[in-house]
Amino acid sequence: MRAVLIVALLAACGAPQVRSEHDLADSVRQFNDGVRWERFTVAAVAIPPPLRAQFVDDMDQRAIDVKITDYDVVRVEPRGDREARVQVKLSWYKASEGTVHETHALQTWERHGKAWLMVDEARVRGAQMPGLAEPVTRDEHP
């Protein structure tokens with residue numbers, strides 16, 4: 001009986017972390033699917049509320065020429081239970097050029113209440129992509 005109680009308590013203690021990781025995975029997938037398929041209002045749910053309208057406008061503008069053909073989540077690195085870094089590989093092309101490029105982006109996600117929000121995204125390596133911030137170099141820090 002004691003073993004059953006201990007197992008039940010351990011399972012209960014582990015459940016929020018598992019659920020949190022599951023919620024993060026769902027949020028990452030929903031955001032990147034939204035961007036990939038140009039459903040920017042769907043993707044914007046993962047953006048902090050004050051920035052959502054500008055995000056949709058910026059993505060609409062970028063989508064005139066930039067087309068994302070695929071993405072892969074390469075790595076998810078939780079940093080405690082309230083932050084995670086997610087590396088995503090994007091395949092894309094400019095309609096005006098037609099050459100397919102590959103870019104790796106690092107997304108920073110933060111948990112706000114029950115929701116995971118993508119608060120930063122920058123290129124890690126690969127081709128420079130319109131609308132994707134360049135990484136900050138050490139020389140640029142104040």
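Computed from a prediction, not measured in an experiment: that's the story for all the values here. Values reported hereafter were calculated over all heavy atoms of this structure, with side chains retained and with hydrogens, waters and symmetry mates removed.
- Side chains of Val76 and Val28 form no contact here, defined as non-hydrogen atoms less than 4.5 Å apart.
- Nearest heavy-atom pair across Asp70 and Arg36 is N-NE, 3.7 Å.
- Between the side chain of Thr69 and the main chain of Ser91, a donor-acceptor pair closer than 3.5 Å is present.
- Taking 4.5 Å as the limit, every side-chain heavy atom of Val100 sits out of range of all side-chain heavy atoms of Trp92.
- In the hydrophobic clustering of this structure, Val45 does not group with Val56; members are Ile, Leu, Val, Met, Phe, Trp, Tyr whose side-chain heavy atoms approach within less than 4.5 Å, directly or through other members.
- Looking at Asp26 and Trp116, their side chains never come closer than 4.5 Å, going by heavy atoms from C-beta outward.
- Ser27 and Trp109 are not linked by any side-chain donor-acceptor pair at a separation below 3.5 angstrom, with hydrogens and angles left out of the test.
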*Arg62 and Ile68: side-chain contact (heavy atoms from CB on, under 4.5 Å), yes or no, with the steps?*
CA-CA 11 Å; Arg62 181 176 84 171; Ile68 298 175; 3.5 Å; yes
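- With contacts defined as side-chain heavy-atom distances shorter than 4.5 Å, the pair Arg79/Arg85 qualifies.
- When side chains are defined from C-beta on, Val86 does not count as touching Leu106, because their heavy atoms never get closer than 4.5 Å.
- For His112 against Val119, the heavy-atom pair with the smallest separation is NE2-CG1, 4.3 Å.
- The side-chain heavy atoms of Thr108 and Met118, taken from C-beta on, include no pair separated by under 4.5 Å.
- With hydrophobic clusters built from ILVMFWY side chains whose heavy atoms lie under 4.5 angstrom apart, Met59 shares a cluster with Leu132.
- With sequence neighbours excluded, no residue satisfies ring-ring contact (aromatic ring centres under 6.0 Å, His included) with Tyr71.
- For the atom pair Lys67 NZ and Lys94 NZ, the distance stands at 12.5 Å (nearest 0.5 Å).
- Across Glu121 and Ala133, no two heavy atoms sit closer than the pair O-CB, 3.6 Å.
- Nearest approach of Ala105 to Leu90, heavy atoms of both residues: CB-CD1, 4.3 Å.
- When all heavy atoms of Phe40 and Phe55 are compared, the closest pair comes out as O-CE2, 3.8 Å.
- Two residues are said to be in side-chain contact when any heavy atoms from C-beta on lie closer than 4.5 Å; Val66 and Met129 meet this criterion.
- Open room surrounds CD on Gln61; 12 or fewer heavy atoms of other groups in view lie less than 6.0 Å from it.
- Each of Gln87, Lys89, Arg75 was checked for a side-chain hydrogen bond (donor to acceptor under 3.5 Å, both in side chains) with His104, and the lone residue meeting it is Gln87.
- A salt bridge links Glu134 to Arg123: at least one charged side-chain nitrogen sits closer than 4.0 Å to a carboxylate oxygen.
- Residue Leu117 comes nearest to Pro48 through the heavy atom pair CD1-CA, 4.0 Å, listed as atom of the first residue, atom of the second, then distance.
- Rounded to the nearest 0.5 Å, atoms CD (Glu83) and CG (Leu24) are 11.0 Å apart.
- Between Arg111 and Asp23, the closest side-chain pair of non-hydrogen atoms falls below 4.5 Å.
- Looking only at atom types and distance, the side chain of Asp58 has a donor-acceptor partner in the side chain of Gln54 under 3.5 Å away.
- Linking ILVMFWY residues whenever their side-chain heavy atoms come closer than 4.5 Å, directly or via other members, leaves Trp37 and Val88 in distinct clusters.
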